[in-house]
Amino acid sequence: MVLFSCAGIAAARSSMARSEEDRHLHFEGQTDCEPAPLPTVRHSSSHVMAQAVKQLFPDVKLAIGPAIEDGFYYDFAKSEPFTPEDLNRIEQRMREIVQKDLPFVREEMPREAAVRFFESRGEPFKVEILKGIDALSVSLYRQGDFVDLCRGPHVPATGHIKAFKLLSSSGAYWRGSEKNPMLQRIYGTAWLTQEELDRHLWRLEEAKKRDHRKLGRELDLFVFQDVSPGAPFWLPKGMVIFRELERFWREVHDARGYQEISTPILVNRRLWEESGHWEHYRENMFLVEVEEQVFGLKPMNCPESTYVYRHHLRSYRDLPLRLSELGRLHRFERSGTLAGMFRVRQFTQDDAHIYCRPDQLQSEITGVLEIVQLLYGAFGFEPRFFLSTKPDKGMGDPALWEQAETALREALVKRDLPHEVRAGEGAFYGPKIDVVISDVLGRDWQLATIQLDFVMLPERFGLEYIDADGQAKRPVAIHRAIYGSFERFVGILTEHFAGAFPTWLAPVQARVLPVSEKIAAYGRSVFDRLRDAGIRVELDDRNEKLGYRIREAQLQKLPYMLIVGARESQEGTVSLRRRTGEDVGAVPVDRLCADLVAEVASRSVSLTVGRS
RNA sequence: GCUGGCGUAGCUCAGAGGUAGAGCGGCUGCCUUGUAAGCAGCGGGUCGGGGGUUCGAAUCCUCUCGCCAGCUCCA
């Protein structure tokens with residue numbers, strides 16, 4: 001159940017991956033995989049893999065093997081995990097099976113017969129699946145000596161599998177429940193052509209290179225320490241990025257009537273009881289006992305923002321009230337779920353709660369969408385929008401739901417934003433818009449959410465305003481976050497840009513490199529000029545060869561290197577080198593300064609200095 | 001939390017019962033530097049932590065903490 005979904009930070013999950021697994025696990029739909037070429041090849045690859053495994057390890061039991069996003073897996077019951085050498089052997093055997101071009105043959109048999117068949121073959125998981133379904137007749141697919149319970153479809157023969165590779169193995173629970181025995185899962189990837197496979201493998205390789213945990217350490221942005229798992233230590237350079245994001249965010253919000261607040265991190269249990277977190281969310285909260293009172297570290301900002309709302313008696317004239325808060329939150333996440341900046345226990349949410357009248361909803365949503373486009377545009381992200389509507393369990397006045405969903409839809413239309421509807425996927429307290437972006441490697445990230453709330457804050461905390469008719473009325477609350485969390489967002493940006501941040505975000509924007517000590521004075525004067533202009537500039541006048549210092553600046557991915565020697569010192573120029581390796585040549589210091597300032601002010605994603 | 005893997009110098013890693021190693025980084029000196037690594041020398045470690053086995057433990061056993069992959073979870 002989705003509760004208190006105050007701008008959740010969960011990664012977007014592929015709906016396809018979900019359904020392909022569910023088809024197998026729960027016999028949903030008519031087939032075991034999407035009957036399109038790519039899922040079919042992947043599904044067939046998983047059968048070939050199972051065949052290879054059965055040949056090499058006759059004692060393993062078969063569980064399930066669906067196609068998933070980018071590939072396939074198969075789960076086996078086996079006492080020992082598969083080793084990397086095992087995977088090599090299995091992959092080799094798969095290639096032999098492909099070589100033989102064995103046809104996939106479909107057979108039908110009564111369910112009861114199938115139960116006996118799989119019992120006789122010693123496949124308890126297949127039997128369990130068969131006993132759980134109510135079909136009279138089921139289908140099997142056979143290729144060579146291998147046969148599996150399966151609804152297909154499959155490629156005509158194993159020779160149609162052209163481009164695949166096994167990737168990894170690990171434990172996975174039978175039917176996805178930690179109460180069930182653990183199986184051994186092997187993941188593979190399969191594509192229609194070798195080119196697509198190569199490209200996918202390149203992407204995996206590239207993602208590894210861009211890992212923000214590695215880059216964060218190498219570029220001195222942030223580190224994790226044993227003493228506080230799931231909570232980053234922001235280093236000076238990482239903090240520059242954090243502060244620039246904050247600055248940008250505040251600029252945008254200040255200009256749009258938001259009022260920033262800051263509420264306590266440590267709050268008495270009474271508040272959490274009032275908000276319902278104590279009942280529904282306690283196991284994810286860090287609790288502290290002092291003087292016989294229990295306090296909780298806030299996992300969300302929303303309850304406390306209502307205290308700010310209630311500080312005054314509100315008039316309809318006060319609305320909308322837009323209260324923003326960069327709140328530091330703590331959520332207890334199970335140890336095995338932490339993952340760098342992507343899944344943390346402490347993070348800073350760029351939160352805001354808008355309290356408004358129902359008739360103001362559309363314009364408020366429109367305003368939030370504008371902010372989303374503005375903030376994401378700066379990074380070159382193209383947001384996609386998902387509108388989630390009333391679920392069966394939705395609470396509150398149906399007319400209000402209707403009005404709110406219309407407001408959300410019209411706000412999207414008004415800003416000319418195409419969107420996908422996720423019917424019935426809204427929270428019980430209101431409909432929402434989720435925003436997803438794709439990074440440069442094509443990975444999807446859910447960042448912003450805009451959630452309407454008729455129930456949680458307004459009802460539980462008894463929020464009111466006095467309307468024009470003198471009557472007390474209930475406002476609607478809008479929960480929204482744009483970056484989601486600074487931690488996760490910086491992690492995403494780090495991988496998206498591979499550490500080569502746009503100049504406005506770069507911890508060091510330029511470095512002056514005097515060719516030798518003879519040029520030290522001029523180097524310092526250039527450095528001073530830029531620093532006075534507000535540029536984050538460094539002077540590297542160490543007693544090292546130019547090539548050595550360039551290499552270091554290059555590895556640190558500094559946008560600009562400013563090389564100065566006798567020539568430049570005479571002409572009042574610098575020799576400009578970009579981190580891309582381009583040698584731009586001599587640029588007068590005046591122009592350099594003006595261009596740099598302009599590039600930073602415009603928050604350009606590309607390096608523009610010296611292009612004019 | 002579960003399954004498996006891994007914790008050795010700031011970083012990347014070698015060492016697998018017998019006196020803790022390398023490369024890079026750091027420091028010092030020489031060189032006086034022109035677009036991705038000049039040369040030499042010197043420091044640097046309770047081998048994640050606790051307990052055990054052993055004459056002797058980085059190495060074997062055990063507990064624990066953390067990290068990685070996947071599962072589960074993600075309000």
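Look at the P atom in both B:rG25 and B:rA40: the space between them is 13 Å, to the nearest Å. On the P atoms, B:rA14 is 12 Å away from B:rA9, given to the nearest whole Å. Taking atom C1' in both B:rG44 and B:rU8, the straight-line distance is 14 Å, to the nearest Å. Straight-line distance between the C1' atoms of B:rC67 and B:rC27: roughly 31 Å, to the nearest whole Å.
Taking a pair to require two hydrogen-bonding distances under 3.5 Å in either a Watson-Crick or a G-U wobble arrangement, B:rG29 pairs with B:rC39. Under the Watson-Crick or G-U wobble criterion, with both distances below 3.5 Å, B:rG70 is paired with B:rC2. Across the strands present, B:rG7 finds its partner in B:rC65; the criterion is a Watson-Crick or G-U wobble pair with both atom distances under 3.5 angstrom. Under the Watson-Crick or G-U wobble criterion, with both distances below 3.5 Å, B:rU19 is left unpaired in every strand shown. Across the strands present, B:rU54 finds no partner; the criterion is a Watson-Crick or G-U wobble pair with both atom distances under 3.5 angstrom.
Remark: the backbone N or O of A:Gly565 is paired with a side-chain donor or acceptor of A:Glu568 at under 3.5 angstrom.
The nucleotide whose nearest atom lies closest to any side-chain atom of A:Gln184 is, among B:rU3, B:rG26, B:rA36, B:rU3. The A:Arg551 side chain lies nearest to B:rA36 when the options are B:rA36, B:rC73, B:rG25.
In this entry the distance linking CZ of A:Arg213 with P of B:rC11 reads 16 Å, nearest Å. Rounding to whole angstrom units, NZ of residue A:Lys179 and C1' of B:rC73 are separated by 12 Å. Distance CG (A:Asp220) to C1' (B:rG25): 12 Å, rounded to an integer number of Å. To the nearest angstrom, C1' of B:rG34 lies 16 Å from CG of A:Asp541. Rounded to a whole Å, the CD atom of A:Glu544 is 16 Å from the P atom of B:rU35. Rounded to an integer number of Å, the gap from CZ of A:Arg542 to C1' of B:rC30 is 17 Å. Rounding to whole angstrom units, CG of residue A:Asp75 and P of B:rG4 are separated by 16 Å.
A donor-acceptor contact closer than 3.5 angstrom is absent between the side chains of A:Glu459 and A:Tyr429. Between A:Arg567 and A:Ser575, the side chains place no donor N or O within less than 3.5 Å of an acceptor N or O (distance only, hydrogens not considered). Using modelled atom types, one finds no donor on one side chain facing an acceptor on the other under 3.5 Å when comparing A:Ser305 with A:Glu325. Side chain to side chain, A:His353 and A:Asn301 fail the donor-acceptor criterion of an N or O pair below 3.5 Å.
Side-chain N/O atoms of A:Arg334 and base N/O atoms of B:rU72 include a donor-acceptor pair closer than 3.5 Å.
Residues of residues 557-571 of chain A that place a heavy atom closer than 4.0 Å to RNA chain B, in numerical order, are A:Ile563, A:Gly565, A:Ala566, A:Arg567, A:Glu568.
Toward the 5′ end of RNA chain B lies the nearest nucleotide of A:Glu218, the other residue of the pair A:Glu218 and A:Arg579 mapping further downstream.
Proximity of A:Arg577 to the phosphate of B:rA36: a side-chain N or O atom is located under 4.0 Å from OP1 or OP2. Note on A:Arg175: every side-chain N or O is 4.0 Å or more away from OP1 and OP2 of B:rU72.
The shortest non-hydrogen separation linking A:Ser485 to A:Arg488 is OG-N, 3.0 Å.
Separation of the A:Phe76 and A:Phe57 ring centroids does not fall under the 6.0 Å cut-off.
Crowding of A:Arg270 atom CZ: a count of heavy atoms from other residues, nucleotides or ligands under 6.0 Å not exceeding 12.
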